Amino acid sequence: DALQLDDVSLAGEEASAPAVTVQPSDQTITYGDNAVFTAASSGAPAPTVQWQMNVGDGTWADMPGENSATLTVASPLVSQTGHQYRAVFTNSQGTASSNPATLTVNAKALSITAKDQNKYTGSTFTFWGNEFTDSGLVNSDSVSSVTLTSAGADASAAAGTYEIVPSNAAGTGLENYNITYANGTMTVNEKITPSIIWLNPASIIYPSALSSLELNAMVIGVPGTFAYAPAVGTILDAGNNQNLHVVFTPDDPATYNTVSADVQINVLKQSVILTAQGVNKIYDGAAKATVSFPSDFIHQGDDVVINYDA
């Protein structure tokens with residue numbers, strides 16, 4: 001009879017159908033790691049291998065390009081837990097399939113910690129969702145935002161320390177993690193009260209207007225604005241110990257308090273010398289003569305009373 005090549009291997013040994021000699025074992029990994037399955041078989045001629053996957057619907061499907069004794073499933077997701085894998089060996093004498101091996105992917109640990117914050121009494125702290133740090137992400141996964149709450153964030157919070165509580169992380173790939181949250185600390189400080197430097201100004205003479213020489217309060221190291229009462233340009237009546245008031249409003253009201261201060265100023269009376277003009281007159285029978293005085297010494301709105309003997 002004619003010799004059938006299928007019945008003899010190229011090495012001269014008798015052909016045989018594949019028989020699995022190494023069964024793949026179940027694999028339990030943590031998300032981010034690779035799962036590795038290995039199988040082997042005998043048979044002549046040497047069998048080819050094709051790995052197959054069953055995603056849980058009972059159907060085995062070939063995995064393209066997976067034709068070696070070792071199958072590496074790269075960084076499978078937690079959702080792939082329960083998937084099964086087997087090797088199918090084939091030669092001219094037949095086919096043999098390995099036992100199925102089951103994959104289990106455990107969630108990876110991910111920690112999210114709220115960042116410590118500081119604020120001052122009377123101000124509200126607004127969380128934007130990015131005040132946190134994270135540790136444990138893999139595979140380009142990300143945490144885009146976290147819900148952060150603290151009783152110290154409200155403007156009514158008294159000075160002291162309060163917990164910042166993170167929760168509800170949002171991002172990509174987070175379903176593959178067991179997330180633990182760590183609180184941060186909100187420190188509420190008393191607002192700083194600036195000190196106004198303002199000395200009693202030198203006396204001025206009526207009707208001098210108030211200027212920056214008198215309204216010259218200072219606050220060192222804290223930017224802000226000054227509002228004076230009376231304002232620059234005001235003409236005060238003559239008199240001693242007249243009050244000047246200023247309110248300083250800081251540019252950073254979340255950190256600094258608004259403050260005010262007062263000083264006193266003396267406004268001296270103006271000395272006036274009146275020189276009568278036209279006091280010489282030839283008697284013309286009139287009851288009295290007319291005498292005039294220069295008017296440039298009188299400030300608009302002043303009342304001047306002149307007593308004289310005619």
Side-chain angles (χ1 to χ4, degrees), residues 25-37 53-59 61 63 71-85 100-192 223 250-258:
S25 57
D26 295 341
Q27 295 295 309
T28 298
I29 64 167
T30 298
Y31 173 68
D33 296 335
N34 297 333
V36 180
F37 300 91
M53 179 174 62
N54 175 6
V55 297
D57 59 3
T59 301
M63 301 177 68
L71 168 67
T72 299
V73 181
S75 193
L77 306 176
V78 171
S79 61
Q80 291 176 250
T81 292
H83 287 191
Q84 292 186 314
Y85 301 86
T102 301
L103 172 65
T104 300
V105 182
N106 294 322
K108 190 177 189 301
L110 170 63
S111 62
I112 295 176
T113 302
K115 291 182 178 179
D116 294 340
Q117 304 294 338
N118 292 275
K119 55 157 279 193
Y120 290 89
T121 54
S123 65
T124 298
F125 187 94
T126 300
F127 289 105
W128 299 103
N130 58 0
E131 300 88 350
F132 65 90
T133 59
D134 57 66
S135 177
L137 290 170
V138 294
N139 296 339
S140 299
D141 294 335
S142 65
V143 179
S144 58
S145 66
V146 171
T147 299
L148 297 152
T149 59
S150 175
D154 192 77
S156 63
T161 56
Y162 302 81
E163 289 185 336
I164 301 174
V165 182
S167 63
N168 300 325
T172 58
L174 300 187
E175 64 276 5
N176 296 294
Y177 297 88
N178 281 327
I179 302 176
T180 57
Y181 296 95
N183 294 344
T185 299
M186 171 75 73
T187 301
V188 180
N189 302 296
E190 289 286 358
K191 269 187 173 184
I192 300 171
D251 291 344
D252 180 9
T255 304
Y256 298 95
N257 288 312
T258 296

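We count residues from 1, following the sequence as given. Note that this is a predicted model, so its numbers are computed, not measured.
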Query raised in the report: Any side-chain donor-acceptor pair under 3.5 Å between D252 and T255?
Result: yes

Report task. Quick one: pull up CG in L77 and CG in N176 and give me the separation to the nearest 0.5 Å. Result -> 5.0 Å

Query raised in the report: How many angstroms lie between OG1 in T28 and CG in D33, if you round to the nearest 0.5 Å?
Result: 11.5 Å

Report task. Can you spot which of V73, L71, T72 makes a side-chain contact (heavy atoms from CB on, under 4.5 Å) with V36? Result -> T72

Requested in this report: Return yes if some donor-acceptor pair links the side-chain N/O of K108 with the main-chain N/O of N178 below 3.5 Å, else return no.
Outcome: no

Query - With sequence neighbours excluded, residues passing side-chain hydrogen bond (donor to acceptor under 3.5 Å, both in side chains) with S75 - result: N139

Query raised in the report: Between I112 and I179, does a side chain to side chain contact (heavy atoms under 4.5 Å, CB included) hold up when you go through it step by step?
Result: CA-CA 7 Å; I112 295 176; I179 302 176; 3.9 Å; yes

Query - Residue pairs passing the ring pair (Phe, Tyr, Trp, His ring centres under 6.0 Å) test where at least one lies in residues 121-160, sequence neighbours excluded - result: F125-F127

Enumerate, atom names and distances included, each donor-acceptor pair closer than 3.5 Å involving a side-chain atom of residues 155-166, sequence neighbours excluded.
unit_1	atom_1	unit_2	atom_2	d
S156	OG	D154	OD2	2.4
Y162	OH	A158	N	3.2
Y162	OH	A158	O	2.8
E163	OE1	N183	ND2	3.4

Query - Counterpart residues, side-chain hydrogen bond (donor to acceptor under 3.5 Å, both in side chains), relative to T124 (two or more places apart) - result: none

Report task. Would you check if L137 and V143 make a side-chain contact, meaning some heavy-atom pair closer than 4.5 Å? Result -> yes

Query raised in the report: Which atoms form the tightest heavy-atom contact between P76 and V105, and what is the distance?
Result: O-CG1, 3.6 Å

Report task. First locate atom CD of E131, then atom OG1 of T126, and finally report the distance between them rounded to the nearest 0.5 Å. Result -> 9.0 Å

Query raised in the report: Does T102 have any side-chain hydrogen bond (donor to acceptor under 3.5 Å, both in side chains) partners at least two apart in sequence or in another chain, and if so, which?
Result: Q84

Query raised in the report: Side chains of D141 and Y177: is there a donor and an acceptor less than 3.5 Å apart?
Result: yes

Report task. Would you check if the side chain of Y120 reaches a backbone N or O of N257 as a donor-acceptor pair within less than 3.5 Å? Result -> no

Query raised in the report: Run the side chain to side chain contact (heavy atoms under 4.5 Å, CB included) check on N118 and N189 step by step: do they pass?
Result: CA-CA 7 Å; N118 292 275; N189 302 296; 4.0 Å; yes

Requested in this report: Kindly indicate whether the side chain of N54, heavy atoms from C-beta on, has any atom under 4.5 Å from the side chain of Y85.
Outcome: no

Query raised in the report: Atom CG of N34 and atom CD1 of I29: how far apart are they, to the nearest 0.5 Å?
Result: 7.0 Å

Report task. Starting at NZ of K119, measure out to NZ of K191 and round the result to the nearest 0.5 Å. Result -> 9.5 Å

Query - Backbone N/O of N106 and side chain of T30: donor-acceptor pair under 3.5 Å - result: no

Report summary line: Applying side-chain hydrogen bond (donor to acceptor under 3.5 Å, both in side chains) to D134 and not counting sequence neighbours gives none

Query - Residue pair S111 / T180, side-chain donor-acceptor N/O under 3.5 Å - result: no

Query raised in the report: From L174 CG over to L110 CG, what is the distance, rounded to the nearest 0.5 angstrom?
Result: 6.5 Å

